[in-house]
2 protein chains.
Amino acid sequence: MSTASSASRTTREQIVDAADQLFYEQGFDSTSFADIAATVNLSRGNFYYHFKTKDDLLEAVIDQRLRNTQALLQQWEQQGAQPQDRIRCFIHILIANQARILLYGCPVGTLTTELAKLNHHALDQANAVFTLFRTWLRQQFQAMGRKQDADELAMHVLGRSQGVATLASAFQDEKFLKQEVKRLNQWLQQCVDDAKQ
Amino acid sequence: MSTASSASRTTREQIVDAADQLFYEQGFDSTSFADIAATVNLSRGNFYYHFKTKDDLLEAVIDQRLRNTQALLQQWEQQGAQPQDRIRCFIHILIANQARILLYGCPVGTLTTELAKLNHHALDQANAVFTLFRTWLRQQFQAMGRKQDADELAMHVLGRSQGVATLASAFQDEKFLKQEVKRLNQWLQQCVDDAKQ
DNA sequence: TGAAGCCTAGGACAAGCGTCCTAGGGCTGT
DNA sequence: ACAGCCCTAGGACGCTTGTCCTAGGCTTCA
């Protein structure tokens, strides 16, 4: 029974993984069950067994992204000694995921934008990924001594990253991406220096 | 004949206007001819007379946006005495179009993002709108005396605006939008002061 | 009055979509 | 060997999509 159950979960996981990637690359609306089925080598009609509707699948994908994000933040929590080092971990994902960002933009931003236009009820859930980053960044700025404007600074970093991803993707401009990352790191250093005084 | 021709153009213009707005609000892909037909009070099948394909309609919409953008830039050119005043005109659209941005994000950024995911051939045309702003901003920074890094600064402003629009829309946060506009204006003032020395 | 051309309504069309059903293969435990 | 259950293939369904066609109502000019 445990083998059967785990095998079942494996197929389900494969579906979610494939959907996760395709939703990112092609968008949610224009990714069909047929596309996902072809990736996982499964018959199209059989999806009903695993997910009753396409919205259920979307919810599973976002849930996975939420879990992955939380794991990532926890990892950064241990990697960086100082709060500013942890924030630098966040900024660095622009470099680490450079290739995909140049092709498809930010996975979080593009999904929320699409769901907003579709008036989709899962929009709040998708926005929760943003909120995870926002809350985490706020905590880092608070730890840096910026109690007053920690949330504003967190939103600032989040916004700058969004803009970089959008434009770098539009212009397919790797140089711009790296320039802006440098600028953002400089701005962060300024924050650190300001807080010390 | 002249009346007939102008009436024809009026219907065509109505279609383009409706498509322009709906593509912005709902996205290109999930806006159907039926949606547009309902807005213009026209029979769905008859679109073929005005636009042979949906892609033709999209091209017409983007062409209109290009013309509108050029007119806007020309207007700012006359409004602002100093280059920095003109750049402030650009930044100010975030305030002027606030309501729509909170609901649907940036019209330019969201379209290019969608077309990129759809692998649509009109992507280059859509990106041209970005290029119009970029070139114009670059000229303003050059006029400010920043010959060396004018393009980098132009891209910086463009990127910041994109980020603001994306996040303000995601969080439906008017306060954030205004905060960031203030920050951006402060940054611009810093640029002016730096250039003076 | 009549011919010509612009523009329209309304529907047909094939294709693709999400959804749902049924029959059965291949394990599991008795 | 057999019953029960997990999971699957394959196809049917109703609907919407973009596209395309045809017949005819207008206006315009002779």
Side-chain angles (χ1 to χ4, degrees), chain A residues 1-20 22-23 25-62 111 114-115 117-123, chain B residues 1-20 22-23 25-62 111 114-115 117-123:
Chain A
M1 187 177 127
S2 68
T3 11
S5 159
S6 81
S8 150
R9 261 190 298 166
T10 296
T11 301
R12 196 190 147 96
E13 279 173 359
Q14 275 183 329
I15 294 177
V16 173
D17 283 343
D20 191 348
L22 287 171
F23 288 172
E25 294 175 5
Q26 310 182 344
F28 165 70
D29 201 47
S30 64
T31 296
S32 66
F33 277 174
D35 292 332
I36 306 169
T39 310
V40 195
N41 276 325
L42 218 66
S43 79
R44 192 179 94 261
N46 195 31
F47 270 87
Y48 183 70
Y49 179 79
H50 298 280
F51 299 97
K52 283 191 194 116
T53 66
K54 197 183 179 186
D55 292 353
D56 284 348
L57 176 53
L58 175 61
E59 282 180 24
V61 167
I62 301 179
L111 182 64
E114 184 183 0
L115 295 183
K117 290 202 195 267
L118 294 178
N119 252 321
H120 200 287
H121 69 272
L123 173 60
Chain B
M1 189 176 120
S2 69
T3 11
S5 160
S6 81
S8 150
R9 261 189 299 164
T10 297
T11 302
R12 196 191 147 96
E13 281 174 355
Q14 275 183 330
I15 294 176
V16 173
D17 283 343
D20 191 347
L22 287 171
F23 287 173
E25 294 177 359
Q26 309 181 345
F28 165 70
D29 201 47
S30 64
T31 296
S32 66
F33 277 173
D35 293 332
I36 305 169
T39 309
V40 195
N41 276 326
L42 219 67
S43 79
R44 191 178 97 261
N46 195 31
F47 270 87
Y48 183 70
Y49 179 79
H50 298 278
F51 298 96
K52 282 191 195 115
T53 65
K54 197 182 179 186
D55 292 353
D56 285 347
L57 177 53
L58 175 61
E59 282 180 26
V61 167
I62 300 179
L111 182 64
E114 183 183 359
L115 294 184
K117 291 204 194 268
L118 294 178
N119 252 319
H120 200 285
H121 68 273
L123 173 60

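Since the model is a prediction, treat every value here as computed from it, not as a measurement. Letters go in sequence order (proteins before strands), and every chain restarts at 1.
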Rounded to whole Å, the CG-C1' distance (Leu42(B) to dT19(D)) equals 16 Å
Whole-Å distance, Phe33(B) CZ to dG18(D) P, equals 6 Å
Nearest heavy-atom contact between Ala18(A) and Thr39(A) is CB-CG2, 3.9 Å
- Query: How about Glu59(B) and His121(B): do any of their side-chain heavy atoms sit closer than 4.5 Å?
  - Reply: yes
request  = Report yes or no: do Asp55(B) and His120(B) form a side-chain donor-acceptor pair below 3.5 Å?
outcome  = yes
Rounded to whole Å, the CG-P distance (Asp29(B) to dC17(C)) equals 11 Å
Result for 5'-nearest mapping on DNA chain C, choosing between Asn41(B) and Asp35(A), is Asn41(B)
Rounded to whole Å, CZ of Phe47(A) lies from C1' of dA9(D) at a distance of 13 Å
Here the distance between atom P of dC17(C) and atom NZ of Lys54(A), to the nearest Å, is 9 Å
Heavy atoms of Gly27(A) and Lys117(B) approach each other most closely as N-CD, 3.7 Å
With the side chain counted from C-beta on, respond yes when Val40(A) and Ile36(A) share a heavy-atom pair under 4.5 Å apart, and no when they do not.
yes
Of the listed dC6(D), dC20(C), dC20(D), the closest approach to the Tyr49(A) side chain comes from dC6(D)
Could you pull out the protein-nucleic contacts involving nucleotides 14-16 of chain C (nitrogen or oxygen on both sides, under 3.5 Å)?
none

Shortest non-hydrogen pair, Gln26(B) vs Asp35(B), comes out as OE1-OD2, 3.5 Å
Check whether any side-chain heavy atom of Phe51(B) sits under 4.5 Å from a side-chain heavy atom of Arg12(B), and report yes or no. yes
Regarding the side chain of Ala34(B), the nearest nucleotide among dA9(D), dT19(C), dT17(D) is dT17(D)
Taking dG10(C), dA9(D), dT19(D) as options, the one with an atom nearest any side-chain atom of Ser43(B) is dG10(C)
Does a side-chain N or O of Thr53(B) approach OP1 or OP2 of dC20(D) to a distance below 4.0 Å, or not?
no
From the candidates dG18(C), dT8(C), dG18(D), the one with an atom nearest any side-chain atom of Thr11(B) is dT8(C)
Please list each protein N or O that sits under 3.5 Å from an N or O in nucleotides 11-13 of chain C, with the distance.
from, atom 1, to, atom 2, distance (Å)
dA12(C), N6, Arg44(B), NH2, 3.4

Closest heavy-atom pair, Ser30(A) versus Leu118(B), reported as atoms and distance to 0.1 Å, is OG-CD2, 3.4 Å
Please tell me if Ser30(B) has a side-chain N or O lying less than 4.0 Å from either OP1 or OP2 of dT17(D).
no
Rounded to whole Å, NZ of Lys52(A) lies from P of dC21(C) at a distance of 12 Å
His50(A) atom NE2 is separated from dC6(D) atom P, nearest whole Å, by 13 Å
So Phe23(B) and Phe28(B), would you call those rings parallel, tilted or perpendicular, with 30° and 60° as cut-offs? perpendicular
Whole-Å distance, Leu57(B) CG to dG18(D) C1', equals 12 Å
| query | Are side-chain heavy atoms of Ile62(A) and Leu111(A) found at a separation under 4.5 Å? | reply | yes
